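It should be emphasised that the depicted structure is a prediction, and the values quoted were computed from it without experimental measurement. Order of the sequence lines sets the chain letters (A, B, ...), proteins ahead of strands, with each chain counted from 1.
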There are 2 protein chains.
Amino acid sequence: MSRRDEVLAVAERLLEAEGPEAVTMRRLAAELGMQAPSLYKHVRSKDDVEAGLQERALLQMGAAISTAGPDLHALAAAYRAWATAHPRLYRLATGRPLRRDALSPGVEESAAAPVVAAAGGDEHRARALWALAHGLVDLELADRFPPGADLDLTWRAALEAFARPA
Amino acid sequence: MSRRDEVLAVAERLLEAEGPEAVTMRRLAAELGMQAPSLYKHVRSKDDVEAGLQERALLQMGAAISTAGPDLHALAAAYRAWATAHPRLYRLATGRPLRRDALSPGVEESAAAPVVAAAGGDEHRARALWALAHGLVDLELADRFPPGADLDLTWRAALEAFARPA
DNA sequence: CCAGACTGGCTAACGCCGTTAGCCACCCCC
DNA sequence: GGGGGTGGCTAACGGCGTTAGCCAGTCTGG
């Protein structure tokens with residue numbers, strides 16, 4: 001585990017526990033028992049830290065949903081479960097543009113593969129399904145749905161549209 | 001137009017023209033020909049400014065999509081058109097939690113009404129449709145789709161699932 | 001007609017932020 | 001045993017949101 005990964009691990013823990021405003025260079029450094037400028041020996045910038053968190057999120061999420069198999073409902077459940085278990089990491093990862101050049105090769109594809117499989121290989125259907133899941137999660141995490149709405153039912157209604165054969 | 005609304009108008013213009021990092025209290029003040037602390041005579045905090053922008057976005061977007069009528073494709077096109085015409089305002093508005101207490105009453109409902117209508121009155125279908133549109137827009141604005149993907153086709157594929165009768 | 005309050009500007013300052021420059025102790029290898 | 005890389009440190013800069021405190025103008029009630 002490189003020093004950079006240690007920083008990222010601390011950042012992830014801090015982000016999830018106390019929210020994005022707690023993830024400052026000074027705080028990260030303190031958590032690692034050092035001073036803020038020393039962080040720059042392991043990490044290029046704060047943006048670099050966030051890019052690292054984004055990649056971590058992609059990896060974790062890809063792993064989580066690839067265990068679900070090709071069933072649409074199982075896949076959706078896994079997606080939703082991971083996102084709500086790591087809400088701040090999810091929002092940080094999807095909230096910033098994807099830096100493909102800073103990403104280890106293959107990460108993006110392997111995270112997308114289960115979705116494409118569940119969509120029967122149709123890339124447009126896969127993207128639509130992904131967008132549906134992301135939209136539901138994102139709106140839920142941003143408290144956009146009226147309080148008391150039964151989101152289980154909403155997910156069922158949403159997936160039914162996709163499950164129905166053409 | 002109250003002084004607060006003037007601040008919000010400048011903030012919106014600045015946000016869309018130069019991005020969120022340009023919307024600072026000092027910059028806003030300069031744009032209005034005053035010093036930063038004077039802003040606090042018209043606005044409670046920067047968070048208050050962002051809440052105001054969120055409400056503005058909701059109002060504008062509600063107006064934009066209510067002109068589309070009950071047709072699913074027209075509604076989706078209007079939604080997508082507004083979001084891509086005001087990408088940073090869209091992301092700011094959906095990126096922060098909805099402060100219902102700071103919202104003029106009725107704003108949320110009237111923005112949601114066209115979607116519910118297009119979904120045939122089914123609230124779960126309406127939320128799913130909303131999430132689908134939001135997800136597509138949000139992922140596109142965050143550069144998550146592979147470059148070169150034909151998003152028009154993706155939107156068509158997505159809407160077909162919802163248009164198909166049960 | 002004038003006194004008082006209210007409005008809306010100002011300067012100075014605080015504590016935080018990310019980041020850079022420059023320094024130095026340690027350790028490993030030739 | 002000396003040289004260079006590694007990984008800490010302090011000091012500092014400019015920018016951020018925000019507060020305190022001040023004051024000129026205006027408007028209003030007696």
Can you run down the ring-ring contact (aromatic ring centres under 6.0 Å, His included) pairs that involve residues 18-68 of chain A, sequence neighbours left out, and say none if there aren't any?
none
Look at [X] together with [Y] and state whether they make a salt bridge at an N to O cut-off of under 4.0 Å.
{"X": "Arg99(A)", "Y": "Glu55(A)", "answer": "no"}
{"X": "Arg144(B)", "Y": "Glu108(A)", "answer": "no"}
{"X": "Arg56(A)", "Y": "Asp5(A)", "answer": "no"}
{"X": "Arg4(B)", "Y": "Asp48(B)", "answer": "yes"}

Would you tell me whether Gln60(A) and Glu12(A) have side-chain atoms, one donor and one acceptor, within less than 3.5 Å of each other?
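Glu12(A) and Gln60(A) do have a side-chain donor-acceptor pair below 3.5 Å.
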Just the rounded figure in Å: distance from [atom2] of [N] to [atom1] of [X].
{"X": "Leu28(A)", "N": "dG8(D)", "atom1": "CG", "atom2": "P", "value": "14 Å"}
{"X": "Gln35(B)", "N": "dC23(D)", "atom1": "CD", "atom2": "P", "value": "18 Å"}
{"X": "Leu32(A)", "N": "dG8(D)", "atom1": "CG", "atom2": "P", "value": "9 Å"}
{"X": "Met34(A)", "N": "dG7(D)", "atom1": "CE", "atom2": "C1'", "value": "8 Å"}

Quick one: is Ser38(B) getting a side-chain N or O under 4.0 Å of the dG8(C) phosphate, OP1 or OP2?
no
Under 4.0 Å between a side-chain N/O of His42(A) and OP1 or OP2 of dG8(D), yes or no?
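True: His42(A) side-chain N/O within range (under 4.0 Å) of dG8(D) OP1/OP2.
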Nucleotides 13-26 of chain C: protein proximity per nucleotide (B base, S sugar-phosphate only, - neither; heavy atom, under 4.0 Å):
B---BBBBB-----
State yes or no: are the ring centers of Trp130(A) and Phe145(B) separated by less than 6.0 Å?
yes
Please walk me through it: do Arg80(B) and Asp152(B) pass salt bridge (charged side-chain N to carboxylate O under 4.0 Å, His left out)?
CA-CA 11 Å; Arg80(B) 187 184 178 196; Asp152(B) 289 355; 2.9 Å; yes
Report for the helix from dC1(C)-dG30(D) to dC30(C)-dG1(D): angle between first-end and last-end helix axes, five pairs each, rounded to 10 degrees.
10°
